[in-house]
**Student:** 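Here it is, the structure, as structure tokens.
The first residue in the sequence is number 1, and the count goes up from there.
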Amino acid sequence: MNQDYIQPDNWSIIEEGFDAERVKSSESLFSIGNGAMGQRANFEEKYTGETFQGSYIAGIYYPDKTKVGWWKNGYPKYFAKVLNAPNWIGIDVEINEEKLDLNTCVKVNHFRRELNMKEGWYNRSFEATLQNGTEIAVNVRRFLSLNLDEVGVIKYAITPLNKDAKIIFKPYIDAGVTNEDANWDEKFWEPLEVKKSGNEAFVTAQTFKTHFKVTTFMHNSIFSNGEISHISASSTDTTAEKAQYTYGTIAGKGKTATIQKIGGYTVSLNHSNTQIAAEKVIKEALNKGYDQLLAEQIEAWAKIWEMSDITIDGDVKAQQGIRFNIFQLNQTYLGKDSRLNIGPKGFTGEKYGGSTYWDTEAYCIPFYMATKDQQVARNLLTYRYNQLDKAIENAQNNLGFKDGAALYPMVTMNGEECHNEWEITHEEIHRNGAIAFAIFNYNRYTGDYSYIPEKGLEVLIAIARFWHQRATFSEPKKQYVILGVTGPNEYENNINNNFYTNYIAKWCIDYAATQIEKVKNEYNSDFCRIIEKTNLSELEISKWKKVADTMYFPKSEKLGVYLQQDGFLDKELVPVKELDKAQRPINQKWSWDRVLRSPYIKQADVLQCFYFFEDHFSKEELQRNFEFYEAFTVHESSLSPCVHSIQAAALDKMDMAYQFYLRTSRLDLDDYNKEVEEGCHITSMAGTWMSIVEGFGGMRVKNDELHFAPKIPKEWKAYSFKINFRNQILKVNVSHSGNQFTVDGDQDLTIVVNGEKVIAGHSVMA
């Protein structure tokens with residue numbers, strides 16, 4: 001059974017009651033971030049129970065040496081670790097000479113956590129009875145400033161309930177941290193300097209190998225009943241990697257003692273002198289003060305929600321789910337820095353490593369295009385352009401390709417491949433196609449063609465060269481085939497002619513050739529520059545086209561479906577509904593050999609092709625393929641339910657579409673895959689947004705026009721969303737009584753609703 005302890009609420013994630021078994025899961029679910037750094041919901045005070053300590057800084061990583069039993073030529077030399085950064089939140093607490101530790105308290109009552117998504121803060125409160133008999137009430141609020149994105153703020157308040165109490169706060173910053181998943185148990189941080197001044201302290205450390213320098217800082221203020229107490233630290237303890245202050249105060253029964261801690265990071269990615277930068281940012285935060293920082297936080301999140309919110313009337317769990325997904329996406333990436341990207345765990349965990357997967361192009365870009373300025377999506381495309389040379393090196397040095405063919409990495413931090421499973425790293429090559437598709441999708445949605453002649457065409461050429469060289473001509477078939485691949489369904493390895501891979505390879509070549517011709521005719525100076533840089537010729541393009549025009553696609557004429565790969569029908573085709581539930585999830589219950597021999601599908605594979613290229617197929621083809629493959633899909637990838645929800649809605653299978661929506665929106669909240677303690681599934685959360693906007697809303701872009709085919713689950717009374725389409729803001733309201741489309745401003749927008757053109761102005765029903 002899935003977990004079910006998160007309280008339903010429209011705007012908050014709420015946990016009530018302390019349960020040590022839930023601590024690690026809640027540390028993931030209640031994580032906070034601001035695009036530049038993030039923090040799992042670890043307790044500030046000491047906790048001796050099971051916990052997964054995690055603080056993270058965007059763009060900071062460590063190249064952990066690859067650990068495999070059998071080294072193969074072409075393996076990446078390292079697996080990039082998302083680093084557990086120095087701890088800035090720590091506050092050891094002593095009450096009447098006993099350490100506060102929820103794992104050892106006699107009682108913990110009225111425990112409550114709240115992640116307020118509307119305003120962007122995390123709160124924890126409880127009452128506890130210590131072993132020395134002291135009863136206390138604790139309230140802690142924490143947030144990471146969106147406006148000062150190097151700053152985190154903690155307000156930690158203690159009220160003795162049954163007697164006066166001597167309270168000692170011992171705030172600290174500590175670079176002596178380790179990763180949960182280090183391959184060789186190496187230390188990743190080298191301490192350089194510890195400095196302290198008054199109530200401030202600084203620990204500067206740098207990563208081994210990559211030499212990112214980070215100054216972790218803190219400033220502490222003590223309050224008594226809301227009034228500042230000008231208490232100096234009674235002692236300071238420092239080591240080579242840690243600084244800790246001790247503040248003692250007396251709180252009478254019913255009176256409150258509070259520490260306010262400002263902390264965070266300044267990094268060498270942004271500052272030449274991180275120590276000086278830290279001093280400046282503390283000063284700026286102090287000048288604003290806690291109340292103003294919180295007010296600005298609330299205002300900043302209000303602006304985000306004004307554009308990105310989706311409302312659902314009549315279904316609190318569905319509402320909570322979509323807002324949680326939108327909130328986590330905005331905590332992870334705000335589009336300010338083209339050097340950054342969207343990691344699969346964001347700032348909530350370390351699993352998978354790397355910061356960039358094909359998830360960004362396949363799932364995340366649509367969300368950012370529609371809910372923010374188009375420059376944000378363009379930054380994500382630019383990220384890949386800036387790493388093109390590394391992708392060419394990857395294809396050349398690891399796989400033996402030539403002449404500028406590029407294989408983008410499956411996982412990367414800086415453009416180098418850093419994933420160390422052969423069947424993923426060198427077989428799951430379809431990620432090249434998603435990167436090309438994102439360029440097409442960006443142009444289709446925004447209408448901004450300029451990216452292609454400026455940057456995108458070079459990427460498309462390099463990808464087309466890869467597919468040309470990767471394909472093999474089959475004499476028996478008299479067609480080109482692609483052998484030894486892993487498709488989106490990672491429960492199949494080293495198979496031949498994965499339909500999705502073959503199809504997107506053909507599409508990439510055709511699309512690149514079309515764009516080459518367009519740039520030649522309309523952007524000739526860019527064309528000449530690119531041709532000179534890439535040494536591209538008409539003869540080479542004709543060779544590409546031969547591959548695309550004669551590509552092989554496995555198909556069953558009898559069933560009327562495309563085959564996931566050669567030999568798929570040779571499997572024992574037992575549908576998922578006949579599987580014993582005790583055997584699920586199969587990736588945790590079965591041997592890998594058994595998984596590979598089974599017909600079970602981790603996520604949309606053939607159906608991923610139908611999602612990207614819906615207009616290339618008839619609705620009848622979609623229905624046949626959907627009904628065939630969904631029966632064998634176990635949805636053990638976070639990326640699976642959203643695609644199936646969108647396609648179920650397109651096929652008028654609304655009950656199924658709704659169930660898939662709930663699964664994708666509450667994947668982490670309800671822990672469907674029983675792994676949320678490792679971190680949330682951030683990139684798939686963009687798919688949740690798509691399941692409403694593209695699924696229930698039926699939004700598509702065809703021939704430069706927005707199309708909608710709105711539908712509504714019977715469980716909902718109404719829903720609404722906004723999109724930014726070519727710098728026009730359109731609000732869509734859908735209810736059982738009809739659909740309303742409203743455009744901000746005076747300019748009208750032509751849209752197509754259920755096949756009929758409509759002029760959307762200030763407000764129109766359709």
**Student:** Between Phe628 and Phe632, is the ring-ring contact (aromatic ring centres under 6.0 Å, His included) condition met? List the steps.
**Tutor:** CA-CA 8 Å; Phe628 179 76; Phe632 300 107; 5.4 Å; yes
**Student:** For Trp544, check side-chain hydrogen bond (donor to acceptor under 3.5 Å, both in side chains) against everything at least two apart and list the hits.
**Tutor:**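 For Trp544, the residues satisfying side-chain hydrogen bond (donor to acceptor under 3.5 Å, both in side chains) (neighbours in sequence not counted) are Glu540.
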**Student:** In sequence, state the C-alpha distance, the side-chain angles, and the governing distance for Thr550 and Tyr480, and then conclude on side chain to side chain contact (heavy atoms under 4.5 Å, CB included).
**Tutor:** CA-CA 6 Å; Thr550 53; Tyr480 279 90; 3.1 Å; yes
**Student:** Decide whether Thr688 and Thr664 meet the rule of one side-chain donor and one side-chain acceptor closer than 3.5 Å.
**Tutor:**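 Yes, a side-chain donor-acceptor pair sits under 3.5 Å.
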**Student:** May I ask you to check whether Glu614 and His616 show a side-chain donor-acceptor distance below 3.5 Å?
**Tutor:**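 His616 and Glu614 do not have a side-chain donor-acceptor pair below 3.5 Å.
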**Student:** Say whether Ser638 and His681, considering side chains only, have a donor N or O and an acceptor N or O under 3.5 Å apart.
**Tutor:**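 No - no donor-acceptor pair under 3.5 Å links their side chains.
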**Student:** Check the pair Ile509 / Trp467 against side chain to side chain contact (heavy atoms under 4.5 Å, CB included), numbers first and verdict last.
**Tutor:** CA-CA 7 Å; Ile509 291 173; Trp467 290 122; 4.1 Å; yes
**Student:** Could you pull out the closest heavy-atom pair between Thr360 and Ile342, with the gap in Å?
**Tutor:**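 Minimum heavy-atom separation between Thr360 and Ile342: OG1-O, 3.7 Å.
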**Student:** Please test Thr683 against Tyr363 for side chain to side chain contact (heavy atoms under 4.5 Å, CB included), starting from the C-alpha separation and ending with a verdict.
**Tutor:** CA-CA 7 Å; Thr683 50; Tyr363 296 88; 5.7 Å; no
**Student:** Test Tyr629 against every option in Tyr600, Tyr500, Phe568, Tyr562 by the ring pair (Phe, Tyr, Trp, His ring centres under 6.0 Å) rule and name the one that passes.
**Tutor:**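 Going through the options one by one, the only one that passes is Phe568.
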**Student:** Regarding His419 and Tyr357, do their side chains bring together a donor and an acceptor under 3.5 Å, going by distance alone?
**Tutor:**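 Short answer, no.
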**Student:** For Asn498, what residues pass the side-chain hydrogen bond (donor to acceptor under 3.5 Å, both in side chains) criterion, not counting sequence neighbours?
**Tutor:**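 With sequence neighbours excluded, Asn498 shows a side-chain hydrogen bond (donor to acceptor under 3.5 Å, both in side chains) to Thr501, Asp605, given in chain and number order.
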**Student:** Write down the atom of Gly433, the atom of Cys508, and the distance for their closest heavy-atom approach.
**Tutor:**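 That closest heavy-atom pairing would be CA-SG, 3.6 Å.
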**Student:** Strictly below 4.0 Å, N to O, side chains only: are Arg726 and Asp704 in salt-bridge contact?
**Tutor:**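 Yes, this pair counts.
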**Student:** Do we see a donor-acceptor contact under 3.5 Å between the side chains of Tyr491 and Ser598?
**Tutor:**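 Distance-only check fails for Tyr491 and Ser598.
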**Student:** Considering non-hydrogen atoms only, spot the tightest contact between Ser474 and Val481 and give its length.
**Tutor:**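 So the minimum-distance heavy-atom pair works out to CB-CG1, 4.0 Å.
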**Student:** More than 12 heavy atoms of other residues, nucleotides or ligands under 6.0 Å from NZ of Lys571: yes or no?
**Tutor:**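 Counting neighbours around NZ of Lys571, more than 12 heavy atoms of other residues, nucleotides or ligands fall under 6.0 Å, so yes.
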**Student:** Working to the nearest 0.5 angstrom, can you tell me the gap between Lys711 NZ and Asn739 CG?
**Tutor:**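 The NZ atom of Lys711 sits 12.0 Å away from the CG atom of Asn739.
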**Student:** Before you tell me yes or no, could you show the steps for Lys619 and Asp652 under salt bridge (charged side-chain N to carboxylate O under 4.0 Å, His left out), namely the whole-Å CA-CA distance, both residues' side-chain angles and the distance that decides it to 0.1 Å?
**Tutor:** CA-CA 11 Å; Lys619 192 169 183 178; Asp652 297 313; 3.8 Å; yes
**Student:** Does Phe610 have its ring centroid less than 6.0 Å away from the ring centroid of Phe626?
**Tutor:**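 Centroid distance Phe610-Phe626: not below 6.0 Å, so no.
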**Student:** What class does the angle between the rings of Tyr719 and Trp716 fall in, given that below 30° is parallel, 30 to 60° is tilted and above 60° is perpendicular?
**Tutor:**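 Perpendicular.
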**Student:** How about CG on Asp580, more than 12 heavy atoms from neighbouring residues, nucleotides or ligands closer than 6.0 Å, or not?
**Tutor:**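 Atom CG in Asp580 is packed in, count exceeds 12.
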**Student:** Give the intermediate values and the outcome of salt bridge (charged side-chain N to carboxylate O under 4.0 Å, His left out) for residues Glu492 and Lys602.
**Tutor:** CA-CA 9 Å; Glu492 297 277 11; Lys602 184 180 181 186; over 6 Å; no
**Student:** Look up atom CD1 in Ile463 and atom CZ in Arg384, then write down how far apart they are to the nearest 0.5 Å.
**Tutor:**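 Atom-to-atom, Ile463:CD1 and Arg384:CZ are 9.0 Å apart.
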**Student:** Could you label the plane-to-plane angle of the Phe613 and Tyr503 rings as parallel, tilted or perpendicular, counting under 30° as parallel and over 60° as perpendicular?
**Tutor:**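 Taking Tyr503 first and then Phe613, their aromatic rings sit tilted (interplane angle of 30° to 60°).
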**Student:** Between Phe437 and Trp507, what is the ring plane arrangement, given parallel below 30°, perpendicular above 60°, and tilted in between?
**Tutor:**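 Tilted, since the angle between the ring planes falls between 30° and 60°.
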**Student:** Which residue, Arg465, Gln396, Arg470, forms the side chain to side chain contact (heavy atoms under 4.5 Å, CB included) with Phe401?
**Tutor:**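 Going through the options one by one, the only one that passes is Arg470.
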**Student:** Keeping the roles fixed (side chain from Asn325, backbone from Ser665), state whether a donor-acceptor pair exists under 3.5 Å.
**Tutor:**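 Looks like yes, one N/O pair under 3.5 Å.
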**Student:** So that I know where these two stand, are Phe660 and His635 an aromatic pair - ring centroids less than 6.0 Å apart?
**Tutor:**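 Judged by ring-centre distance (under 6.0 Å), Phe660 and His635 do meet the cut-off.
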**Student:** Step by step, would you call Val732 with Ile723 a side chain to side chain contact (heavy atoms under 4.5 Å, CB included)?
**Tutor:** CA-CA 8 Å; Val732 180; Ile723 59 167; 5.6 Å; no
**Student:** Using distance alone, with no hydrogens and no angle criterion, decide if Tyr442 and Asp448 have a side-chain donor and acceptor under 3.5 Å apart.
**Tutor:**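 Yes.
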**Student:** Please determine, by modelled atom types, if Tyr611 and Glu694 share a side-chain donor-acceptor pair under 3.5 angstrom.
**Tutor:**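 Judged by distance alone, the side chains do pair up.
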